[in-house]
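These notes concern the structure reproduced below.
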Amino acid sequence: MMSSDAHGALRGLRLIEMGQLIAGPFCGQLMADHGAEVIKIEPPGTGDPMRGWGQGIPLWWSVVARNKKCITVNLREAEGQDIVRRLAEKSDFLLENFRPGTMEKWSLGWESLHELNRRLIMIRVSGFGQTGPYAKRAGYGSIGEAMGGMRYLAGDPSTPPSRVGLSIGDSLAATYACLGAMMALHHRERTGEGQMVDAAIYEAVLAMMESTVAEFTVGGIIRERTGSILPGIAPSNIYPAKDGEILIGANQDSVWARMSQAMGKPELAADDRFRDHVSRGRNQAELDDMISAWTATFDTENLLGLLERAGVPAGRIYKAPDMLQDPQFLARDALQTVPHPEHENLVMQAPAPRLSATPGSIRWPGPPELGQHNEEILGELLGMDSAARADLSDRGII
């Protein structure tokens, strides 16, 4: 698992990662997990702000920068921009998540890089995309979540819109950017030509919004916050047990029939109030109250065992400690311990998805030192001798 050599599906491909924080770098993490050589560019002296992020001990960097090689380049200087061009000539992908127009200001826009390397795939992640009246606005993930429609639906109807607890807008945009890069790679295999992938955060969120827009344009319906339920989908909710809560999803007719058997009330499956999807949705609150009264008589372990035997989907609501001891997580190595020079017991999520022939791997955690791979990349890959590197370092270029 911790080999320094990549064996994933993207082995042999090189990506230059520019930008910072989450929306771009998570795309780089996904590709690095599956074997791509990812060379991350950071500003000299300061590095990516993600190095200091995380609750308590700043460990987010160890996850998002895993499997990457890090170099320092001052992109605001002409000599730093020239280093990027030299790297782009030798690479398959260039990933950036600056505000649109920044790369063009540095003479590193799509047209320039495409002329330099016709096979290069340029991956651009931004708040609003590379075109349109909002293109040059600052656009964080939270803004994309709001304008893409997700924030309005998150939370309980009695409260203002909520954050889901994760930077989901950024991560969705990065995931779509990675998907687009793989599509562009397939196109390049057929034609020999690279192209630009334009991933906007608000559009990545919008893509996940199911039929919310169509429901309005056809029926004038605006979805509202519903808390823990899906309106008209029942039973599917969080239910109490003696020692906690579990989530049960038994809304399909056949599953509901099995659950009514497990409850010792098989007649509920034929009850006019609950016999089919529409009737259960119409009487959702009454059904949830009935199920809650039943689940509250069990502890979670016995309740989950009963539902499992009945073939009813159910599960606890996990926090990190629960994941660490769950037998399913353990059996599939869904969480992996990664050796780190500073932190003992560093555990993080495994690469996803799983490929049968070329699985991803965690080869090393986020590099602890700024510019750790300057000598390897600038010296060995670009052929820059030690005197030239020292001169650039003295002048703040690298």
Donor-acceptor pair between His114 and Glu193 side chains, under 3.5 angstrom: yes
Glu145 side chain vs Gly169 backbone, donor-acceptor pair below 3.5 Å: yes
Ionic contact status for Arg389 with Asp385, cut-off 4.0 Å: no
Minimum-distance pair of heavy atoms, taken over all atoms of Gly311 and Pro313: O-CD, 3.7 Å
Arg332, CZ: over 12 other non-hydrogen atoms inside 6.0 angstrom: no
Parallel, tilted or perpendicular: ring planes of Tyr202 versus Phe128, cut at 30 and 60 degrees: tilted
Ring-face cation of Arg225 near Tyr152 (centre distance under 6.0 Å, axis angle within 45°): yes
From Ser62 atom OG to Ile57 atom CD1, the distance as rounded to the nearest 0.5 Å: 10.0 Å
Euclidean distance, Leu268 CG relative to Arg275 CZ, rounded to 0.5 Å: 14.0 Å
Hphob cluster co-occupancy, Leu87 + Phe93, side-chain heavy atoms under 4.5 angstrom: no
Closest non-hydrogen atom pair between Ala177 and Ala199, with its separation: CB-CB, 3.9 Å
Candidate pair Ser91 and Asn117, rule side chain to side chain donor-acceptor pair (under 3.5 Å), full reasoning: CA-CA 9 Å; Ser91 299; Asn117 178 357; over 6 Å; no
Under 3.5 Å: donor-acceptor pair, side chain of Asn74, backbone of Ile398: no
side-chain contact (heavy atoms from CB on, under 4.5 Å) evaluation trace for Val38 with Arg14: CA-CA 6 Å; Val38 176; Arg14 178 179 293 131; over 6 Å; no
Salt-bridge contact Glu104-Arg124 (side-chain N to carboxylate O under 4.0 Å): yes
Contact summary for Pro25 and Asn97, nearest pair of heavy atoms: CD-OD1, 4.1 Å
Considering all heavy atoms, the nearest Val197-Ala184 contact: CG2-CB, 4.2 Å
Donor-acceptor under 3.5 Å (Asp92 side chain, Arg119 main chain): no
Exam field: side chain Asp243 to backbone Thr300, donor-acceptor pair closer than 3.5 Å: yes
Salt-bridge criterion met for Glu37 and Arg11 (N-O under 4.0 Å): no
Test item: Lys136 side-chain N/O and Gly132 main-chain N/O as donor-acceptor pair under 3.5 Å: no
Tyr134 six-ring centre to Arg137 NZ/CZ under 6.0 Å and within 45° of normal: yes
Ile233 backbone acceptor or donor facing Asn251 side chain under 3.5 Å: no
Taking every non-hydrogen atom, the tightest pair across Ala350 and Ile362: CA-CD1, 4.4 Å
Crowding at CD, Glu267 (>12 non-hydrogen neighbours, <6.0 Å): yes
Separation of Met31 CE from Glu17 CD (nearest 0.5 Å): 10.0 Å
Any donor-acceptor pair under 3.5 Å from Ser126 side chain to Gly129 backbone: yes
More than 12 heavy atoms from other groups under 6.0 Å of CD on Glu215: yes
Stepwise side-chain contact (heavy atoms from CB on, under 4.5 Å) test for Met18 and Leu75: CA-CA 9 Å; Met18 304 170 69; Leu75 298 172; 3.7 Å; yes
Within 6.0 Å of CZ in Phe329, more than 12 heavy atoms from elsewhere: yes
Donor-acceptor under 3.5 Å (Asn67 side chain, Ser361 main chain): yes
Neighbour count above 12 (heavy atom, 6.0 Å) for Ile317 CD1: yes
Backbone N/O of Ser279 and side chain of Asp276: donor-acceptor pair under 3.5 Å: yes
Step-by-step side-chain contact (heavy atoms from CB on, under 4.5 Å) determination, Leu108 to Leu113: CA-CA 6 Å; Leu108 295 172; Leu113 293 176; 4.2 Å; yes
Presence of salt bridge, Arg66 and Asp33, under 4.0 angstrom: yes
Ile83 reachable from Trp106 in the ILVMFWY side-chain graph, under 4.5 Å edges: yes
Within 6.0 angstrom of Arg76 CZ, more than 12 heavy atoms from elsewhere: no
Any donor-acceptor pair under 3.5 Å from Ser211 side chain to Ala214 backbone: no
Which atom of Ala310 lies closest to which atom of Ala262, heavy atoms considered: CB-CB, 3.8 Å
Check ion pair Arg51-Glu42 (N to O, under 4.0 angstrom): yes
Hydrophobic cluster identity match, Leu335 and Val338, side-chain contacts under 4.5 Å: no
Pair Asp48 + Lys40, salt bridge at N-O below 4.0 Å: yes
Heavy atoms from other residues, nucleotides or ligands near CD of Glu342 exceed 12 (cutoff 6.0 Å): yes
Ser236/Ile248 under side-chain contact (heavy atoms from CB on, under 4.5 Å): CA gap, chis, key distance, verdict: CA-CA 6 Å; Ser236 181; Ile248 300 174; over 6 Å; no
Other residues, nucleotides, ligands: >12 heavy atoms within 6.0 Å of Tyr318 OH: yes
Trp294 and Tyr239 aromatic centres sub-6.0 Å: no
same_hphob_cluster(Leu95, Met196) at 4.5 Å side-chain heavy-atom cutoff: no
Cluster overlap Tyr176 with Ile123, hydrophobic side-chain contacts below 4.5 Å: no
Presence of salt bridge, Asp326 and Arg316, under 4.0 angstrom: no
